[in-house]
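In what follows, chains are A, B, ... by sequence order, proteins preceding strands, each numbered from 1. Fair warning: this is a prediction, and the values are worked out from it, not measured in the lab.
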There are 2 protein chains.
Amino acid sequence: MRKENSTNSINEKHLNQNCGISATLSLIGGRWKINILSYLLNEDRLRYSALRARLEGISERMLISKLKELEQDGLVNRIVYPQVPPKVEYELTELGHSLREILELMDEWGEQKEPSH
Amino acid sequence: MRKENSTNSINEKHLNQNCGISATLSLIGGRWKINILSYLLNEDRLRYSALRARLEGISERMLISKLKELEQDGLVNRIVYPQVPPKVEYELTELGHSLREILELMDEWGEQKEPSH
DNA sequence: TTGGGTACTAACAAATAAGTAAGTACGTAT
DNA sequence: ATACGTACTTACTTATTTGTTAGTACCCAA
């Protein structure tokens, strides 16, 4: 779905290869990923439906799509229980956990920047 | 230009108010901002033309637009010298400098994640 | 045989971000 | 009078992300 050779994606690729920050942002950026990561940091394992309940306003398409990206990027594990109705849980990988400090710093920074505003 | 009451922007606003990480990301996210910030962290003050030279592939429209956003968000100061041809320098504000630790962590994380790949 | 619960999928539409190309302004130098 | 250097601006196009709506699959239980 992404155009490999648009200037847009060439620029992105180039920056990701030359700048760790860009590379990091490309994994955790976007509207929902950090929230998914945050819930998983605090609650260990969560079922798909539990995540959906916590992420107010997210659509199923977005949730699935972001979970899939996180999984492909090695930040999240998907655990399938072979039963009906289906049960699927998500948890952070070790790499995912290693984001904790960064996320906590960003949270502090964002909160003290705008105190209740 | 932004639609105040699209679901998209409502979701963003809501998250930014309830999550420091989202708020932080909304200030430093996107394709170019972190690179601008990085150069200013390392080189103190830079002229517009110096920034443009460092940011390979950026268009003038993007550079100006990102600088303007950074300025409006209080991360960057714009210093105008009243002379012709024009001379304008950019530097980080105190708030901008306070991102140093976060950016350094993200850089490390991004680099060790994918060692030369 | 109809409906329920859970985790998805697919086709489409809207919104936003990023990029392209061509200009503007204004003193100064030629 | 023309051209130059610097920091922008404008109008427009393309790319990418996000959201909407309506499904699917599966076994079980009534």
Judged by nearest nucleotide, the residue sitting upstream toward the 5' end of DNA chain C, Glu60(A) or Thr7(A), is Glu60(A)

Is the phosphate of dG19(D), meaning OP1 or OP2, less than 4.0 Å from a side-chain N or O of Asn11(B)? yes

Using a heavy-atom cut-off of under 4.0 Å over every strand shown, decide if Lys33(B) touches base, sugar-phosphate, or nothing. nothing

Determine, for Arg2(A) against Glu12(A), whether the closest basic-nitrogen to carboxylate-oxygen distance falls under 4.0 angstrom. yes

Over all strands shown, is Ser6(B) touching base, sugar-phosphate only, or nothing at heavy-atom distances under 4.0 angstrom? sugar-phosphate

Any non-hydrogen side-chain atom of Glu89(A) less than 4.5 Å from a side-chain atom of Leu46(A)? no

How close or far is atom C1' of dA18(C) from atom CG of Leu25(A), stated in whole angstroms? 16 Å

Would you mind reporting whether Tyr39(A) and Leu55(A) have side-chain heavy atoms less than 4.5 Å apart? yes

On the nucleotide dA7(C), are OP1 or OP2 found under 4.0 Å from the side-chain N or O atoms that Arg78(A) carries? no

Has Arg47(A) got a side-chain N or O lying under 4.0 Å from the OP1 or OP2 atom of dA7(C)? yes

Please examine the side chains of Glu4(B) and Ile10(B), heavy atoms only from C-beta on, and report whether any two atoms are closer than 4.5 Å. no

Given side chains that start at C-beta, do those of Leu51(B) and Tyr90(B) come closer than 4.5 Å, heavy atoms only? yes

d(NZ, Lys3(A); C1', dG19(C)) in whole Å: 13 Å

For Ser65(A), which contact category applies under a 4.0 Å heavy-atom criterion: base, sugar-phosphate, or nothing? nothing

Heavy-atom nearest nucleotide on DNA chain C for Pro86(A) versus Glu12(B): which residue maps closer to 5'? Pro86(A)

If the helix axis at each end comes from five base pairs, how far does the helix from dT1(C)-dA30(D) to dT30(C)-dA1(D) deviate from straight, to 10°? 30°

So, does Lys68(B) get its side chain near the phosphate of dC8(D), meaning an N or O under 4.0 Å from OP1 or OP2? no

Protein-nucleotide distance (Glu71(A), atom CD; dC8(C), atom C1'), rounded to Å: 13 Å

Considering just the side-chain nitrogens and oxygens of Lys87(A), establish if one lies under 4.0 Å of OP1 or OP2 belonging to dT6(C). no

Rounded to whole angstrom units, what separation is found between the CD1 atom of Ile10(B) and the P atom of dT17(D)? 22 Å

Taking it one step at a time, do Glu71(B) and Lys68(B) satisfy salt bridge (Lys or Arg N to Asp or Glu O under 4.0 Å)? CA-CA 5 Å; Glu71(B) 193 196 355; Lys68(B) 197 178 285 181; over 6 Å; no

For Arg2(B) and dA17(C), is the shortest distance between a side-chain N/O and OP1 or OP2 below 4.0 Å? yes

I want to confirm an ordering. Mapping Lys66(A) and Val84(A) to their closest nucleotides on DNA chain D, which one lands closer to the 5' end? Lys66(A)

Which part of the nucleic acid, if any, lies within reach of Tyr90(B) when heavy atoms closer than 4.0 Å are counted: base, sugar-phosphate only, or nothing? sugar-phosphate

Sort out for me which residue in Thr24(A), Leu99(A), Leu27(A) forms a side chain to side chain contact (heavy atoms under 4.5 Å, CB included) with Lys113(B). Leu27(A)

Among dT16(D), dA7(D), dG27(C), the one nearest any side-chain atom of Ser9(A) is dT16(D)

d(OH, Tyr81(A); P, dC8(C)) in whole Å: 13 Å

CZ of Arg61(A) versus P of dA13(C): gap in Å, rounded? 14 Å

note: Ile58(A), atom CD1; dT20(D), atom P; distance rounded to Å ~ 12 Å

Rounded interatomic separation in angstrom, taking CD from Glu89(A) and C1' from dT6(C): 13 Å

Do the side chains of Arg54(B) and Glu43(B) get close enough for a salt bridge, i.e. N-O under 4.0 angstrom? yes

